[in-house]
Amino acid sequence: MLNNTQIRQCLDAMAEMFPDAEGELVHSNPFELVIAVLLSAQCTDKLVNKVTADLFQKYKTPEDYLAVPLEEVENDIRSIGLYRSKAKNIQKLCRTLLDDYNGEVPQTKEELVKLAGVGRKTANVVASIAFNEPAIAVDTHVERVSKRLGICRWKDSVIEVENTLMRKVPRDEWSVTHHRMIFFGRYHCKARNPNCPECPLLELCREGKKRMKKTG
DNA sequence: CTCCCGATAT
DNA sequence: ATATCAGGAG
């Protein structure tokens, strides 16, 4: 496991590699962000942006998504994958916004996770990006990077990873760290073919050293 | 735990 | 062909 100094090295290296890391989901208000993040589950941001380009032209409000049959929403997001459950969740979420929140997106994580299709990770992303609430959303990249580097243990659950990061990273760096870890994971410490040979963190990375030994 | 599920990289 | 993609619900 890495000590606090080594974790600091990780954060600094990621900051140097990806100084401009930020969310890549295109949106112009909290409602669009919720829809975009919901759609992004098990799916790349690039593909989500391709779909929402048309989607957000057609559907501006919760009422708009409820004014058409479920099959029409399904069809409009089909290329995303998991489209049946996501379409159903979108309409259910819109119904809740109208019934319980006056058509607005609630601002706290506690309220956000009550919405259909919004779990812990999505709630963290929305709270962080739309409402400036410090949060570390643990997705597949954050989890993989944290475990490979040794910031947390391999067997840790998503919530344990999140708690460890919140404990080890200063609160005012949570959101930016979240984005940098995602960029680091997406473009450098990739799931399939991590770029260990050119990694500034190789010397303190247990997984990286193991891989370098294996593949030369 | 399983299921949802199309697009993409390898 | 197959693993993986900014997960969540049942």
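The structure displayed is predicted, hence computed values, not measured ones. Chain A is the first sequence line, chain B the second, and so forth, proteins listed ahead of strands; every chain is numbered from 1.
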Inset, instruction - Using a 4.5 Å cut-off on heavy atoms from C-beta on, say whether the side chain of A:F18 contacts that of A:V176. - result: no
Inset, instruction - Could you tell me whether the side chain of A:V126 reaches within less than 4.5 Å of the side chain of A:P30, counting heavy atoms only? - result: no
Legend entry - NZ or CZ of A:R180 within 45° of A:F183 ring axis and under 6.0 Å: no
Inset, instruction - Using a heavy-atom cut-off of under 4.0 Å over every strand shown, decide if A:K50 touches base, sugar-phosphate, or nothing. - result: sugar-phosphate
Inset, instruction - Summarise protein proximity over nucleotides 4-10 of chain C in one line of letters, 5' to 3': B for base, S for sugar-phosphate only, - for none, counting protein heavy atoms closer than 4.0 Å. - result: SBBBSS-
Inset, instruction - Consider only side-chain heavy atoms of I, L, V, M, F, W and Y, link residues closer than 4.5 Å, and tell whether A:L33 and A:L39 are in one cluster. - result: yes
Inset, instruction - For A:H141 and A:M181, work out which heavy atoms get closest and say how close. - result: CB-O, 4.5 Å
Inset, instruction - Indicate the atoms forming the closest heavy-atom contact of A:G208 with A:C196, along with that distance. - result: CA-SG, 3.9 Å
Legend entry - Atom CD of A:E71: over 12 foreign heavy atoms under 6.0 Å: yes
Given the [atom1] atoms of [N] and [M], what is the spacing between them in whole Å?
N      : M     : atom1 : result
C:dA9  : B:dA7 : C1'   : 23 Å
C:dG10 : B:dC5 : P     : 13 Å
B:dC4  : C:dC5 : C1'   : 14 Å

Inset, instruction - Could you check A:K190 against A:L47 and say which one's nearest nucleotide on DNA chain B is further toward the 5' end? - result: A:L47
Inset, instruction - Quick one: list whatever passes ring-ring contact (aromatic ring centres under 6.0 Å, His included) with A:H188, sequence neighbours left out. - result: A:F184
Legend entry - First and last nucleotide of DNA chain B, 5' to 3', lying under 4.0 Å from heavy atoms of chain A: B:dC4 to B:dT10
